[in-house]
Amino acid sequence: MTSPTRSMDEQKGPTEAPRFRSWSSLRFSRWRSSSLQRSSTPTTPSPKTDKRNDVTSTLFSLVNTHNEDYTADPDGLLDTNREAGGGGEAEEELQDQASTYFQKQLGSMLQPGINKFSLRMFGSHKGVAAEQERVKSFGVWIIHPYSDFRFYWDIVMLLLMMSNLVILPWGITFFEDQNTMPWITFNVLSDTLFLIDLVLNFRTGILGEDSNIILDPKEIRIQYLRTWFLVDFVSSIPVDYIFLIVDLENLLASSDVYRTARALRIVRFTKILSLLRLLRLSRLIRYIHQWEEIFHMTYDLASAVVRIVNLIGMMLLLCHWDGCLTFMVPMLQDFPPDCWVSKNNMVNNTWHIQYSYALFMAMSHMLCIGYGAHPPEGLSDVWLTMISMVVGATCYAMFLGHATNLVQSLDASHRQYQEKYKQVEQYMSFHKLPADVRQRIHDYYEQRFQGKMFDEDSILGELSDPLKEEIVSYNCRGLVANMPLFANTDPHFVTVILTKLRFEVFQPGDLIIREGTLGRKMYFIQHGAVTVIPRGSKEINLNDGAYFGEICLLTQGRRTATVKADTYCRLYSLSVDSFNEVLEEHPLMRRAFESVAVDRLGRVTRKQSNASTQ
């Protein structure tokens with residue numbers, strides 16, 4: 001009987017199976033077979049036999065286990081393989097964990113982060129979290145426009161676009177050999193990043209018309225294909241290098257003379273094709289506009305400054321392009337004798353001298369201040385000069401328009417005041433008002449509006465009640481600080497009464513209250529001095545922090561005295577309806593006002609009685 005161990009050893013060879021293990025395996029195998037034969041012989045049952053059978057079965061199980069270990073792994077390779085398998089599983093688990101970690105990190109970079117831009121867009125941390133869940137719900141990787149990845153990627157692309165728009169015309173124009181390693185590296189790197197940006201635009205969410213972020217890949221793709229895809233694609237494809245590679249074989253197979261002439265034409269044509277990269281200007285404009293929206297620069301001073309800086313930068317870029325074009329056109333014509341480069345003997349000069357003179361001529365033409373060192377004679381120079389003048393005049397008009405809008409937007413309230421006062425002047429002229437009345441109207445507008453006009457009711461009406469109360473409390477802080485009535489009063493009462501006040505201005509000599517008229521308002525003095533003139537009694541002077549006119553509001557009677565403004569007075573008035581509405585909510589303050597009114601009436605009555613007795 002041949003054991004399994006022996007057969008496996010024969011397959012593997014004598015060197016792989018030691019004799020010790022083969023012999024021991026054979027011995028246990030024969031012992032097991034003999035035990036099986038003995039156990040299969042029928043015997044009469046007895047206690048000794050049962051006990052022997054139990055021992056036999058126990059030994060048999062032990063021998064079977066031992067024999068299986070040797071026959072299954074005669075060379076002891078099973079444990080090693082198991083250990084190796086366990087190590088492989090551990091490595092796979094670590095790899096899975098690492099990949100999961102990187103996926104989470106990448107996913108978090110593609111989602112909107114917690115910053116002031118996303119908080120302003122979505123309202124709160126909860127809104128940002130909901131937007132993050134919405135990004136995850138699409139199941140495919142989508143770059144959110146407010147994500148950290150897109151923010152840093154846009155910065156890189158913005159710097160790359162600015163460098164391309166400056167370096168490309170300069171390198172194409174003033175350097176004949178464009179096959180150097182730095183130039184090829186710059187072009188290949190730029191083209192690669194722009195192609196990557198082209199792909200990422202298909203996976204970047206866009207801002208919809210209803211201020212919602214569109215994250216559906218199909219809608220993003222359709223909208224991008226309909227708008228800027230063609231321009232971005234043309235500006236990203238290295239057409240000049242493709243043309244050189246395709247035409248290289250034909251160039252090498254030609255004769256020397258034909259090869260030289262053809263090489264010159266190819267170089268000129270590739271220079272023209274390289275100008276297609278300047279279409280990347282559209283991306284620069286879009287990125288700047290997008291960043292203005294992200295940073296919420298719309299109506300403030302920063303927005304106006306950014307617009308002016310953008311316009312100046314655009315004008316300088318056009319001057320740079322025009323200077324390069326001014327030199328490129330004679331270069332493509334092999335510098336004819338009547339061109340400005342040949343007249344100034346600059347054909348073989350260094351590039352910085354050529355660029356300096358070209359930029360000087362371009363700016364002279366664009367600003368319409370001259371023709372440079374020599375007036376244009378050749379047809380190409382004449383057309384270049386005309387184009388430069390048109391571009392310069394357009395830039396000048398745009399600069400004036402933007403500067404005018406900037407000045408107007410910087411002080412819109414003052415401009416609104418000037419427009420309003422022009423209407424007032426026309427009104428006074430139409431009605432032929434006297435000069436002293438006109439002067440008083442002018443002084444009133446100066447004191448009332450102080451050169452700025454706001455629709456305060458509309459502004460405060462659009463705000464929430466807590467914000468409105470805070471603004472009114474701040475605007476009236478001087479009144480509250482100077483008025484003893486508000487010093488030890490319930491803050492809620494002070495806030496409620498301040499929100500119902502109306503600002504008024506009176507000139508010196510104006511009668512604020514006339515004796516005998518119905519009382520419809522009471523007044524609080526913020527700044528100024530007034531004189532209370534009771535009938536038949538001594539005058540009373542009131543100034544900052546005082547109030548008057550509350551007696552008629554409490555008694556619903558007529559005025560008991562006349563109040564005249566001694567100086568320019570800035571007052572706050574409280575109507576009778578607002579007065580009663582506030583005091584209904586605060587009955588204790590009604591008692592305080594009534595006690596003050598009774599005291600004032602008592603003093604006036606006593607003074608009048610004393611005056612009558614005298």
Side-chain angles (χ1 to χ4, degrees), residues 158-159 161-176 178 235 268 271-272 274-285 288 304-407:
L158 189 64
L159 297 176
M161 279 184 286
M162 294 175 65
S163 62
N164 269 259
L165 295 175
V166 173
I167 295 176
L168 281 176
W170 168 70
I172 293 171
T173 303
F174 298 99
F175 293 91
E176 296 182 1
Q178 299 182 10
S235 64
R268 294 170 184 173
K271 286 180 180 293
I272 297 174
S274 299
L275 297 177
L276 292 175
R277 292 190 176 95
L278 299 182
L279 294 175
R280 293 167 184 173
L281 178 64
S282 62
R283 293 193 190 188
L284 179 64
I285 297 174
I288 292 176
V305 173
V306 167
R307 286 200 299 266
I308 289 296
V309 171
N310 290 340
L311 182 60
I312 294 175
M314 192 65 63
M315 292 178 63
L316 293 177
L317 182 63
L318 290 176
C319 290
H320 171 70
W321 285 6
D322 194 12
C324 295
L325 184 64
T326 302
F327 188 86
M328 179 185 289
V329 172
M331 179 194 66
L332 294 177
Q333 297 176 347
D334 292 333
F335 300 111
D338 57 348
C339 72
W340 69 272
V341 182
S342 300
K343 289 181 178 179
N344 291 282
N345 299 320
M346 295 182 184
V347 177
N348 297 319
N349 285 349
T350 58
W351 68 267
H352 60 276
I353 297 178
Q354 295 173 344
Y355 174 74
S356 299
Y357 273 87
L359 184 62
F360 167 72
M361 289 194 61
M363 296 187 71
S364 299
H365 299 162
M366 292 181 67
L367 298 176
C368 300
I369 60 175
Y371 298 104
H374 300 280
E377 294 183 4
L379 186 61
S380 59
D381 288 350
V382 171
W383 278 99
L384 282 175
T385 303
M386 289 191 296
I387 293 174
S388 299
M389 289 181 175
V390 171
V391 173
T394 305
C395 291
Y396 181 70
M398 291 177 60
F399 181 79
L400 286 181
H402 278 74
T404 304
N405 292 332
L406 172 63
V407 173

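A distance of 12.0 Å separates CZ in F360 from OG1 in T326, rounded to the nearest 0.5 Å. For the atom pair C319 SG and L367 CG, the distance stands at 6.5 Å (nearest 0.5 Å). Once rounded to the nearest 0.5 Å, the distance linking CD1 of I387 with CG of L325 reads 7.0 Å. Between the CG atom of L359 and the SG atom of C324 there is a distance of 8.5 Å, given to the nearest 0.5 Å. For the atom pair CG (N164) and CG (L159), the distance works out to 11.5 Å, reported to the nearest 0.5 Å. With rounding to the nearest 0.5 angstrom, the CE atom of M315 is 9.0 Å from the CE atom of M398.
Of all non-hydrogen atoms in D381 and C339, the two that sit nearest each other are OD2-CA, 3.4 Å. The shortest non-hydrogen separation linking Q354 to V347 is NE2-O, 3.2 Å. Scanning all heavy atoms of the two residues, the minimum distance from K343 to D338 falls at CE-O, 3.5 Å. Shortest non-hydrogen contact noted between C395 and M366 is SG-CE, 4.5 Å. Heavy atoms only, all atoms of each residue included: T173 and P169 are closest at OG1-O, 2.7 Å. The nearest pair of heavy atoms linking H365 to M389 is O-CG, 3.4 Å.
Distance alone, capped at 3.5 Å, places no donor-acceptor pair between the W340 side chain and the M361 backbone. Under a 3.5 Å cut-off, the side chain of S342 and the backbone N or O of P336 do form a donor-acceptor pair.
In the displayed structure, F399 atom CZ is contacted under 6.0 Å by at most 12 heavy atoms of other residues, nucleotides or ligands. Residue M363 places its CE atom among 12 or fewer non-hydrogen atoms of other residues, nucleotides or ligands, all under 6.0 Å distant. In the displayed structure, M162 atom CE is contacted under 6.0 Å by at most 12 heavy atoms of other residues, nucleotides or ligands.
Every residue two or more places apart in sequence or in another chain that forms a side chain to side chain contact (heavy atoms under 4.5 Å, CB included) with V390 is listed here: T394. Remark: T350 engages H352, I353 in a side chain to side chain contact (heavy atoms under 4.5 Å, CB included) (not counting sequence neighbours).
At least one side-chain heavy atom of L317 sits under 4.5 Å from a side-chain heavy atom of L165. Residues V329 and Q333 have side chains in contact (heavy-atom distance under 4.5 Å, counting atoms from C-beta outward). For the pair M328 and I172, the minimum side-chain heavy-atom distance is below 4.5 Å. Looking only at side-chain heavy atoms (C-beta outward), P376 and W383 stay at 4.5 Å or farther from each other.
Between W170 and F175, the ring-plane angle classifies as perpendicular under the 30° and 60° cut-offs.
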